[in-house]
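Heads up: the structure comes next, in structure tokens.
Chain letters run A, B, ... following the sequence lines, proteins first and then strands; every chain starts at 1. None of these values were measured; they are calculated from a predicted model.
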Amino acid sequence: MSNGTMHKQPNLAVEIAGIKLRNPVMPASGTFGYGEEYTPYLDVETIGAIVTKGLSLKPKAGNPTPRIAETVSGMINAIGLQNIGIDAFITDKTEFLRRVNTPVIVNFFGNTREEYGEVARRLADVPDVAGVELNISCPNVKQGGIVFGTDPAAAAGVVSLVRKNLGSKPLIVKLTPNVTDITVIARAAEEAGADAISCINTLTGMAIDVKTRKPRIANRIGGLSGPAIRPVAVRMVHQVVQAVKIPVIGIGGIMTAMDALEFLIVGATAVQVGTANFIDPGVMADIVAGIERFCREEGIADIHELIGSLR
Amino acid sequence: MMKNYKTRILSNQEIAPDYYRMKILAPGFGQHARPGQFVMFRVQRSMPPLLRRPFGVFRTGFLPADCDGMPEKEYLEILYKVVGHGTAIMRELHSGDAVEVLGPLGRGFEPGDPQREKILVGGGIGLVPLFMLAEDRVKESPVRLLMGGRTRDDILVVTEFERLGVETYVSTDDGSLGEEGFVTQMLERKLRKYPDAEVYCCGPLPMISAVNTICAAQNVPLQVSLEALMACGVGACLGCVVKGAGHTEEHPRYLCTCKAGPVFHAAELDWHALGTPAADSCEGCKS
Ligand SMILES: Cc1cc2nc3c(=O)[nH]c(=O)nc-3n(C[C@H](O)[C@H](O)[C@H](O)COP(=O)(O)OP(=O)(O)OC[C@H]3O[C@@H](n4cnc5c(N)ncnc54)[C@H](O)[C@@H]3O)c2cc1C
Ligand SMILES: Cc1cc2nc3c(=O)[nH]c(=O)nc-3n(C[C@H](O)[C@H](O)[C@H](O)COP(=O)(O)O)c2cc1C
Ligand code: FES
């Protein structure tokens, strides 16, 4: 490119619900541990934020094995949200997170409205937590196991309680794609007090070993992630962006900078990278570099010129 | 220090039907790799397969400098069996092809007591992580390798162990090489002769379980190397867990095979959950 703007450093900084990110790239929950696991391979100060594995009120054991199965351009997982619990996280893991100069977003979930509310209360005063991401793709054990995020009233109920208990901390609500119309849930979350939406979580899927005629994961069904889901995710992000006024974080099958750009162009303010971290632990730094290169080549001075620029 | 080597293949050679050994250029790898560790292997720029595949580090070394002035090359070597999609693609690779290896990963073998005999028990491809262990231990203690397989084709690189000064004993289920029968029968005999030995084992799970049953009964220290389906290899996905000793529904103790293992002291594991077949009915030695 002989373009004069090529040598100027494009501005990649974005803001989500008051959290300032140096660039729009962060890990998706559950694919980056508690932040420390990938430090030998990736400088976490090159990415926009850290998003932790999903946490719950009590430690959670997770599912029996096998927990993962590779499928065409994707993988199915049923880890079962294994985690150390919110209290152990606050005492043991925030020390590392405090030392790094990158905002930390804590992802959490519950199986009752009260559990969600209690975790939010415990996070409200933790200074090292820049914001929270609420995973509402979990069954409500008090209501026959209906998934909070598939019912607008249940979703709004959790979001409003968490909003109340969180104090002033930014609240991102993460949506499940396993619904007929994702915009209905997105609007319900916005009205109940969400500061931002992230989507999508995994699509429910199943894979069978034809020789044994058994499901390939012990939990029988699991969540599909990876490049296989990207077109579905781009479509859903596109729809959600039109339906709400709050910022949207795009997630689903991002492997490269070009993949991330698809989400930004349909209107996502930032993106999360999940399964790709498993394949290439340095991938997020490459995606940031690729977005920057694209901006230079296209003569884009600020990433906001790209966001929502769908023609 | 573990890292992601973006590198290339030096050689990829069939050594028995469906078994290959691959040398990969990896400057600096050897000084960090310990016996029993593994790498996550990826065919660069290929999709599928999507995820990396785990392989034990067979050995590290240097290719001598070329006569045309090329310097010596440090390599890491893996030894693999073609079992599915990923390994079928690997067998087609050639010298010069671009690959990525992440490693060295996981917890390897602990050396144990130099005063005691070392008995290494390998089944089929499970021989792989035992080579570097033998190379290291033979400097201090007598090392014996008991190697089992279904047929003679499953008995790999035994002569390389012999060259290290390791006494090797082979058994095959069909008697096509070495003694006819299971490697566990040899182990029982060797333990009668060397009751003070320490045992290190890698192979199919039923074989490992049978070895554990024998060692536990005689209080013989045992370290085992386990396999699990893995997505990340670094402790982030929690896909690779095994149940640890004392695991209960109320107090679950899951251990990551990639990080707490792949090598475990037998006492760290919940053998009931892993499956504990009787030593004399070991189907799995047929690996
Ligand atoms: C720590 C560790 C070290 C290993 N070292 C070696 C080695 O040195 N040499 C070697 O040949 N193999 C080794 N394996 C097994 C190797 O990773 C698998 O054989 C390989 O991933 C299969 O890939 P595929 O795409 O060919 O098979 P797929 O098409 O994915 O599957 C084919 C079959 O292989 C089984 N399989 C797939 N992945 C694994 C896995 N991670 N562990 C066990 N079985 C699996 C599947 O259940 C299926 O039955 C090791 C595994 C682990 C966890
Ligand atoms: C192994 C694994 C664990 C996950 N754990 C969580 C979790 O704890 N909380 C959550 O909100 N999403 C979780 N997810 C979903 C991801 O954050 C992400 O939404 C999804 O994988 C789609 O993105 P991807 O295609 O880039 O992986 C998990 C995904 C995977 C593959
Ligand atoms: S393979 Fe991901 S945690 Fe072990």
Self-check item: Segment of A:K53 engaging chain B (4.5 angstrom heavy-atom cut-off)
Solution: side chain
Practice problem: Please state whether the side chain, the backbone, both or neither of A:T65 comes within less than 4.5 Å of a heavy atom of chain B. | Solution: side chain
Quiz item: At a heavy-atom separation under 4.5 Å, does A:I79 approach chain B through its side chain, its backbone, both, or neither?
Solution: side chain
Quiz item: Given the side-chain rings of B:F29 and B:Y5, with only the six-membered ring counted for Trp, is the space between their centroids under 6.0 Å?
Solution: yes
Quiz prompt | Sidechain N-carboxylate O distance under 4.0 Å for B:R8, B:D97 | solution = no
Exercise. Mind ranking B:H251, B:R53, B:H85 by heavy-atom pairs under 4.5 Å with chain A and telling me who comes out on top?
Key: B:R53
Practice problem: Would you mind checking if B:D18 and B:K81 are paired as a salt bridge, meaning a charged N to carboxylate O distance below 4.0 Å? | Solution: no
Quiz item: Given that the side chain runs from C-beta out, which part of B:M40 has a heavy atom under 4.5 Å from chain A: side chain, backbone, both or neither?
Solution: neither
Self-check item: Among the listed options B:C240, B:G233, B:A228, B:C237, the residue most often paired with chain A at heavy-atom distances under 4.5 Å
Solution: B:C237
Quiz item: Would A:I105 and A:M26 satisfy side chain to side chain contact (heavy atoms under 4.5 Å, CB included), going step by step from the backbone distance to the final call?
Solution: CA-CA 10 Å; A:I105 296 168; A:M26 60 185 115; 4.0 Å; yes
Quiz item: Can the positive tip of A:K93 be found less than 6.0 Å from the middle of the six-membered ring of A:F96, inside 45° of the ring normal?
Solution: no
Quiz item: When only pairs under 4.5 Å are counted, which of A:Y34, A:F32, A:Y38 shares the most heavy-atom pairs with chain B?
Solution: A:Y38
Exercise. Under 4.5 Å heavy-atom distance to chain B, tell me which part of A:P281 shows up: side chain, backbone, both or neither.
Key: side chain
Quiz prompt | Proximal component of A:N63, with respect to chain B [non-hydrogen, under 4.5 Å] | solution = backbone
Quiz prompt | Which of B:R253, B:R52, B:K259 touches chain A most, by non-hydrogen pairs under 4.5 Å | solution = B:R52
Quiz item: When you check the gap from the basic side-chain N to the acidic O, do A:R293 and A:E297 get nearer than 4.0 Å?
Solution: no
Quiz item: Please walk me through it: do B:L130 and B:F109 pass side chain to side chain contact (heavy atoms under 4.5 Å, CB included)?
Solution: CA-CA 9 Å; B:L130 300 177; B:F109 289 103; 3.9 Å; yes
